[in-house]
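Only this structure's heavy atoms are used, side chains among them; waters, hydrogens and symmetry mates stay out. All figures in this text were calculated on a predicted structure; none of them were measured in a lab.
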2 protein chains.
Amino acid sequence: MRAVGAAVGPTRVAELPGREGERVQVAGWLTHRRGHGAIAFLVVRDGSGEVQAVVRRDHAPEAFARAEGLGQESALRVVGPVRAQPRAPGGYEVEVEELEVLSPAADYPIAPKEHGIEFLLDHRHLWLRHRRPAAVMRIRDTVLWAAEAFLRGEGFVRVDAPILMGTAAENTTQLFRTDYFGEPAYLTQSGQLYAEAAAMALGRVYTLGPTFRAERSKTRRHLLEFWMLEPEMAFCDLEGSMALQERLVTYVVERVLERCGEALRTLERDTAPLERVRPPFPRLRYDDAAEWLRAQGLALGPEEDFGAPHETALSQAFDRPLFVHAFPRAVKPFYMEPEPGRPDRVLAADLLAPEGYGEIIGGSQRIADADLLRRRLQEAGLDEAAYDWYLDLRRYGGVVHSGFGLGIERTVAWIAGLDHVREAVPFPRTYNRLRP
Amino acid sequence: MRAVGAAVGPTRVAELPGREGERVQVAGWLTHRRGHGAIAFLVVRDGSGEVQAVVRRDHAPEAFARAEGLGQESALRVVGPVRAQPRAPGGYEVEVEELEVLSPAADYPIAPKEHGIEFLLDHRHLWLRHRRPAAVMRIRDTVLWAAEAFLRGEGFVRVDAPILMGTAAENTTQLFRTDYFGEPAYLTQSGQLYAEAAAMALGRVYTLGPTFRAERSKTRRHLLEFWMLEPEMAFCDLEGSMALQERLVTYVVERVLERCGEALRTLERDTAPLERVRPPFPRLRYDDAAEWLRAQGLALGPEEDFGAPHETALSQAFDRPLFVHAFPRAVKPFYMEPEPGRPDRVLAADLLAPEGYGEIIGGSQRIADADLLRRRLQEAGLDEAAYDWYLDLRRYGGVVHSGFGLGIERTVAWIAGLDHVREAVPFPRTYNRLRP
């Protein structure tokens with residue numbers, strides 16, 4: 001095998017447009033080959049794109065011989081002039097003059113035939129090379145970048161929340177626990193409380209990191225390890241937060257439509273529903289949503305939280321993202337500000353993606369008053385000492401503030417049109433999967 | 001307390017320039033106050049900046065009365081015309097006509113006097129509000145953004161590596177362990193192996209996430225939870241990787257110099273050493289570096305890895321970042337490609353930041369051949385079955401590839417000129433600190 005150094009590196013397939021007629025060197029992996037007698041067509045991918053390499057026995061007999069019997073995912077290098085070829089994958093082809101096999105492969109396990117999802121996930125390290133998973137990764141990348149770009153344009157500062165927590169904020173049964181030199185420590189479920197502290201320091205902040213829930217659930221909406229973007233804003237009420245969410249989600253969808261056209265086509269994603277994503281998003285109070293759900297025949301107790309069937313029904317009933325807000329206090333965490341004049345309702349809003357995808361954002365206005373927050377901690381049976389630092393945020397200049405958490409995998413699953421969030425993350429961690 | 005909604009929100013201090021003469025509303029926290037008889041000067045910070053609020057007894061008697069005795073970190077809202085005032089912190093002042101106390105504070109624990117570092121870290125949730133920590137957070141934010149912006153400009157795709165690992169890649173004594181529904185799982189030390197899989201799929205990728213080491217070390221260079229940026233490139237040798245590192249580090253430093261001038265001034269950072277950061281960076285082979293260190297009188301055994309004193313000495317001897325490369329195989333992990341003609345040396349390079357800061361990047365060319373990698377796993381006494389998926393990356397089209405890990409906190413500590421990496425992260429996790 002020869003080193004292909006950056007100094008003498010190959011031309012990336014993504015850089016072929018505009019180089020028609022030039023003699024180029026392309027290095028990559030063999031996706032598939034077709035032969036017609038004295039001519040072989042090799043589709044080569046290099047991570048940036050796919051190009052067709054045309055090898056003719058009479059024109060390049062050595063290259064033709066080397067291409068014979070080359071297995072899928074063999075690594076190779078081809079040299080020759082490039083030309084546009086609308087019928088070829090990627091739109092270009094190289095007329096091969098030289099062909100070097102960098103590393104031959106045989107018996108590649110993922111054949112063009114259909115495989116079961118568990119087999120593919122067992123081979124996730126190889127499956128990522130294929131068109132669909134690679135397209136999802138490009139969309140994920142754009143979602144992350146667009147979300148951060150939007151927030152930075154609004155003056156937000158990135159502040160990373162810690163992963164290891166010295167105190168269990170809520171019920172420990174859904175927390176991963178570890179030993180921290182003799183003390184118990186827990187993996188974070190959310191960076192929110194830390195984001196609140198940082199918002200009092202820097203005004204507008206966000207965290208972006210992995211969060212964890214040790215849940216035995218196997219739904220298509222749950223991962224045990226998932227990424228969350230959590231913006232938090234001082235001097236901002238729920239109304240302001242919802243307006244920001246509308247603009248953020250719209251911006252992200254627009255950037256994906258603009259930059260990931262090929263990936264969306266690969267996934268056969270119908271983009272019409274994405275093109276309808278424009279503010280303002282419709283809003284329903286919890287009570288109105290509950291009444292509608294019951295009228296549809298769905299079972300829902302009084303002041304009961306929505307489950308997956310309720311979210312699905314609501315998110316199929318609207319053609320764009322839907323806010324449900326003014327939830328019963330009883331179904332939401334302790335830190336949410338009560339609604340003025342309706343102390344049994346809190347200033348919380350969930351954003352449900354359409355097409356049945358359901359919740360992608362949960363957010364609220366946080367309690368600003370130290371005494372009310374202390375009472376809520378007591379009512380929830382939480383250890384006040386563990387929250388002493390969180391109470392400090394109200395003791396010293398507590399102000400109106402709001403924030404929300406956007407689930408990255410759920411957002412990617414919706415935008416990419418996936419059946420399950422496990423395909424929205426490179427290496428999923430689910431109840432029955434911890435490898436590779 | 002009144003809700004200050006986004007719809008009727010205050011003007012951010014950062015947006016005051018250019019609005020001289022306008023009547024504005026500013027909401028924030030009282031940093032400090034001075035009084036001179038019938039006039040009070042309140043410095044108000046809102047997270048985006050600081051502004052001076054001038055309250056005159058004869059002009060605004062109610063506001064003046066409310067400002068009396070207002071404690072540090074009280075939240076307040078002032079209304080009045082804004083004007084440039086070069087002598088005021090931030091360069092602007094508001095002539096107060098109205099003043100509303102949103103939330104009074106008393107006995108704020110961080111007084112202007114000197115506090116010990118442990119006290120300040122115990123109050124990290126409040127300490128972040130102060131000028132120095134806030135300046136560091138702005139630099140950290142710019143380092144993260146600039147690094148990602150650079151990589152994206154080079155065609156890299158972000159791919160998040162998993163945090164929870166089903167197999168312990170190396171010695172488990174330095175790993176945090178958790179229970180995963182009856183199976184042991186470990187917190188990742190590096191996303192590299194996953195980045196390698198993704199590089200074979202997408203060509204140029206990077207991971208950016210928290211990594212963990214359960215070390216009982218208390219040096220100024222160690223955190224137990226720290227963030228790493230790990231780019232990985234297919235069809236790239238060590239030379240190509242080092243060239244990319246030079247450009248990446250230079251780009252990040254340039255962006256900080258360009259955008260964080262005020263933060264650097266707050267930290268009294270001498271920027272001359274940062275302005276010298278320009279490619280090419282000097283390079284020393286391990287053997288030459290070892291010889292030089294021994295000549296300086298530092299103890300170093302044959303083929304021994306460098307410790308903190310060696311890194312400090314080397315990084316003080318050069319006025320820009322220094323590559324040390326061609327390390328002995330014995331001091332480096334199993335996956336590194338041997339140097340052609342020198343099988344006892346590996347194609348690895350560490351990048352040491354100057355001014356005594358030491359290693360900020362560790363990188364290498366990875367073994368491309370499946371048989372050699374398998375031998376190395378055996379020699380290292382590692383479980384081959386656990387690495388079967390990693391071997392697959394070579395069985396199916398193994399190619400020359402390289403990558404590196406940039407430690408975010410070490411990079412921020414160097415650029416910001418900090419004494420200890422614990423100040424380079426919002427909420428540090430060290431041997432003796434897991435809270436807040």
Next on the checklist: At a heavy-atom distance under 4.5 Å, which candidate from A/R216, A/E337, A/M137 has the highest pair count against chain B?
Outcome noted: A/R216

Item to check | A/A370, part contacting chain B, at a heavy-atom distance under 4.5 Å | outcome: neither

Checklist entry - Can you say whether A/Y390 sits under 4.5 Å from chain B via the side chain, the backbone, both, or neither, judging by heavy atoms? => result neither

Checklist entry - Using a cut-off of under 4.5 Å for heavy-atom pairs, which of B/R204, B/R158, B/R152 has the most such pairs with chain A? => result B/R152

Checklist entry - So, for A/T142 and A/C260, which heavy atoms are closest and what is the spacing to 0.1 Å? => result OG1-SG, 3.2 Å

Checklist outcome for this item: Closest heavy-atom pair, A/A75 versus B/G398, reported as atoms and distance to 0.1 Å, is CB-O, 4.3 Å

Checklist entry - For the side chain of A/T211 and the backbone of A/F226, is there at least one donor-acceptor N/O pair under 3.5 Å apart? => result yes

Checklist entry - What is the minimum heavy-atom distance between B/V205 and B/A195, and which atoms define it? => result CG2-O, 3.5 Å

Item to check | chain B contact via A/P104 - which portion, at a heavy-atom distance below 4.5 Å | outcome: backbone

Checklist entry - What part of A/R124 is in contact with chain B, defined as an atom under 4.5 angstrom from a non-hydrogen atom: side chain, backbone, both or neither? => result neither

Checklist entry - Is it true that A/E196 and A/R394 make a salt bridge, defined as a side-chain N closer than 4.0 Å to a carboxylate O? => result yes

Checklist outcome for this item: Bottom line for A/E183: the part with an atom under 4.5 Å from chain B's heavy atoms is side chain

Checklist entry - So what's closer than 4.5 Å to chain B heavy atoms on A/P210: side chain, backbone, both or neither? => result side chain

Checklist entry - Can any side-chain N or O of B/R429 pair as donor or acceptor with the backbone N or O of A/P162 at less than 3.5 Å? => result no

Next on the checklist: Between A/E15, A/R138, A/H130, who has the most heavy-atom pairs with chain B when the cutoff is under 4.5 Å?
Outcome noted: A/R138

Checklist entry - Heavy-atom distance under 4.5 Å to chain B: side chain of A/L208, backbone, both or neither? => result both

Checklist entry - Which region of B/L128, side chain (C-beta onward) or backbone (N, CA, C, O), has a non-hydrogen atom less than 4.5 Å from a non-hydrogen atom of chain A, or is it both or neither? => result both

Checklist entry - In terms of heavy-atom pairs under 4.5 Å, which option from A/L224, A/L238, A/L244 contacts chain B the most? => result A/L224

Next on the checklist: Any salt bridge linking B/R435 with B/D122? Criterion: basic side-chain nitrogen under 4.0 Å from a carboxylate oxygen.
Outcome noted: no

Checklist entry - Checking A/A106 against chain B: side chain, backbone, both or neither under 4.5 Å from a heavy atom? => result backbone

Checklist entry - Which bit of A/D160 is near chain B, if near means a heavy-atom gap under 4.5 Å: side chain, backbone, both or neither? => result both

Item to check | Top of A/M200, A/M233, A/H123 for chain B proximity - count of heavy-atom pairs under 4.5 angstrom | outcome: A/M200

Checklist entry - Is A/D107 paired with B/R395 through a side-chain N to carboxylate O contact shorter than 4.0 Å? => result no

Next on the checklist: Among B/P109, B/A198, B/A185, B/S402, which residue has the highest count of heavy-atom pairs closer than 4.5 Å to chain A?
Outcome noted: B/P109

Item to check | Test ring-ring contact (aromatic ring centres under 6.0 Å, His included) applied to A/W145 and B/W145, B/F156, B/Y206, the passing residue | outcome: B/W145

Checklist entry - Counting heavy-atom pairs under 4.5 Å to chain A, which of B/G166, B/A161, B/G203, B/A105 comes out on top? => result B/G166

Item to check | Atom group of A/W389 that falls short of 4.5 Å from chain B, counting heavy atoms | outcome: both

Item to check | Among the listed options B/L126, B/D46, B/L30, the residue most often paired with chain A at heavy-atom distances under 4.5 Å | outcome: B/L126

Checklist outcome for this item: So, the part of A/A386 with a heavy atom under 4.5 Å from chain B: the answer is neither

Checklist outcome for this item: d(B/H125 NE2, A/L391 CG) to nearest 0.5 Å is 9.5 Å

Checklist entry - Hey, which of B/Y431, B/W227, B/F212 has the most heavy atom pairs under 4.5 Å with chain A? => result B/W227

Checklist outcome for this item: Max heavy-atom pairs within cutoff under 4.5 Å with chain B, candidates A/D388, A/T178, A/N432, A/I163, goes to A/I163

Checklist entry - Can you name the nearest heavy-atom pair linking A/A424 to A/R140, along with the distance? => result O-NH1, 2.7 Å

Next on the checklist: Does any backbone or side-chain atom of A/A234 lie under 4.5 Å from a heavy atom of chain B? Answer side chain, backbone, both or neither.
Outcome noted: side chain

Next on the checklist: As an exercise: rank A/R433, A/R45, A/E225, A/Q72 by heavy-atom pairs under 4.5 Å with chain B and give me the winner.
Outcome noted: A/E225

Checklist entry - Based on non-hydrogen pairs under 4.5 Å, which of B/V425, B/V13, B/L76, B/L393 is most in contact with chain A? => result B/L393

